[in-house]
Asker: 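The structure follows.
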Amino acid sequence: MKRRVAILISGRGSNMAALIDAAKAPDFPAEIAVVISNRADAPGLERAAASGIATVVIPSKPFGKDRAGFEAVLQQALDDKQVELICLGGFMRLFTADFARRWYGRMLNIHPSLLPCFPGLDPHGQALRAGVKLSGATVHFVIPETDAGPIVMQGAVTVADDDTPETLAARVITIEHRIYPEALRLLASGRLELDGDRCKTLGSAASGGTLIAPGN
Ligand code: GAR
């Protein structure tokens, strides 16, 4: 049986689209049951509908700081669709600790940096200001702290001296679209094991790759 997944978005939804595409494969262990947005104008909604995926809009603005109130409606929508796993794809709303704990081990997020470096806003600007030579993207389990939690998968890119936040973001997003479906595949097929703050991957082989920057 395929695991039933909800993707939560607030905007463009390119990671959502990558997950939807991956889930079309007959042997993919998860199906996208619903895409939920907290903004009615999220461009990703149209993209999801065009792929034949059910969409739900739960505007978060009217809830203001009442995060628990918003989450009660969200939880009802998840129950209605019998959702087992959640993928956050650019979902720009913080959860209460209660909601994060309720879904612990069953909710993934993607962030465009090599966490624990550069959580929060403007990760590419943070990376460039820090002068790192490698950056990338991280898929992790969601915990109450923002952009933190056991790391499932990471992918790295080199950073060039003349990179801008935009050029770096363009390189990192291609990595995001590769690692998010793979991370969901691992979770949905039961290959992830939480061990305290760490996530282990059952049956994985060390890839042994290296990435060195700057090159010559
Ligand atoms: C992605 O780059 C994702 O990693 C980031 O928002 C973007 C959403 O793009 N998420 C965060 O920064 C979470 N802190 P998308 O809507 O095209 O997937």
Side-chain angles (χ1 to χ4, degrees), residues 5-24 30 32 34-51 53 55-60 67 70 74 85-97 99-100 103 107-130 132 134-157 159 163-185 187:
V5 176
I7 306 174
L8 273 54
I9 64 168
S10 300
R12 173 177 65 173
S14 73
N15 278 291
M16 172 209 76
L19 292 169
I20 289 173
D21 279 352
K24 284 180 187 156
I32 311 305
V34 64
V35 167
I36 301 176
S37 174
N38 67 323
R39 297 181 56 125
D41 60 355
L45 284 168
E46 256 179 49
R47 230 164 151 172
S51 302
I53 308 285
T55 60
V56 173
V57 177
I58 307 171
S60 53
R67 287 192 280 150
F70 170 78
L74 173 60
L85 305 173
I86 296 176
C87 290
L88 306 180
F91 185 68
M92 294 304 179
R93 172 129 183 138
L94 301 177
F95 290 117
T96 62
F99 189 86
W103 283 91
M107 177 157 60
L108 297 175
N109 181 44
I110 189 158
H111 182 75
S113 74
L114 293 175
L115 292 174
C117 285
F118 317 134
L121 296 177
D122 191 24
H124 302 301
Q126 292 187 60
L128 294 176
R129 285 190 292 278
V132 295
L134 300 173
S135 192
T138 304
V139 178
H140 64 95
F141 283 109
V142 175
I143 61 171
E145 290 74 34
T146 305
D147 297 327
I151 291 171
V152 175
M153 194 174 283
Q154 293 184 306
V157 301
V159 180
D163 261 323
T164 64
E166 291 72 29
T167 59
L168 181 55
R171 206 170 311 120
V172 170
I173 197 87
T174 66
I175 296 287
E176 296 188 47
H177 298 165
R178 284 172 61 188
I179 66 174
Y180 213 173
E182 281 314 305
L184 176 59
R185 180 196 295 277
L187 176 61

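Scope of the values below: all heavy atoms of this structure, side chains included, with no hydrogens, waters or symmetry mates. Computed from a prediction, not measured in an experiment: that's the story for all the values here. First listed ligand is number 1; within each ligand, the first listed atom is number 1.
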Asker: Not counting sequence neighbours, which residues clear side-chain hydrogen bond (donor to acceptor under 3.5 Å, both in side chains) with R93? List them please.
Answerer: none
Asker: Kindly print each ligand 1 N/O atom paired with any protein N/O atom under 3.5 angstrom away, one pair per line, or none if nothing qualifies.
Answerer:
unit_1	atom_1	unit_2	atom_2	d
ligand 1	2 (O)	E176	OE1	3.1
ligand 1	2 (O)	E176	OE2	2.9
ligand 1	4 (O)	I110	O	3.4
ligand 1	4 (O)	E176	OE1	2.6
ligand 1	9 (O)	R12	NH2	3.3
ligand 1	10 (N)	I110	O	3.4
ligand 1	14 (N)	H111	ND1	3.0
ligand 1	14 (N)	D147	OD1	2.9
ligand 1	14 (N)	D147	OD2	3.2
ligand 1	16 (O)	G13	N	2.7
ligand 1	17 (O)	R12	NE	2.6
ligand 1	17 (O)	R12	NH2	3.1
ligand 1	17 (O)	S14	N	2.8
ligand 1	17 (O)	S14	OG	2.6
ligand 1	18 (O)	S14	N	3.4
ligand 1	18 (O)	N15	N	2.9
ligand 1	18 (O)	N15	ND2	3.0

Asker: So, using ring pair (Phe, Tyr, Trp, His ring centres under 6.0 Å) as the criterion, who are the partners of F95 when residues are at least two apart?
Answerer: F91, F99
Asker: With the side chain counted from C-beta on, respond yes when Q154 and L114 share a heavy-atom pair under 4.5 Å apart, and no when they do not.
Answerer: yes
Asker: Heavy-atom distance under 4.5 Å between the side chains of N15 and I173, does that happen here?
Answerer: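 Sidechains of I173 and N15: in contact.
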Asker: Mark yes when over 12 heavy atoms from residues, nucleotides or ligands other than R178 sit less than 6.0 Å from its CZ; otherwise mark no.
Answerer: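 Open.
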Asker: Please enumerate all residues that pass side-chain hydrogen bond (donor to acceptor under 3.5 Å, both in side chains) together with H124, with sequence neighbours excluded.
Answerer: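 None.
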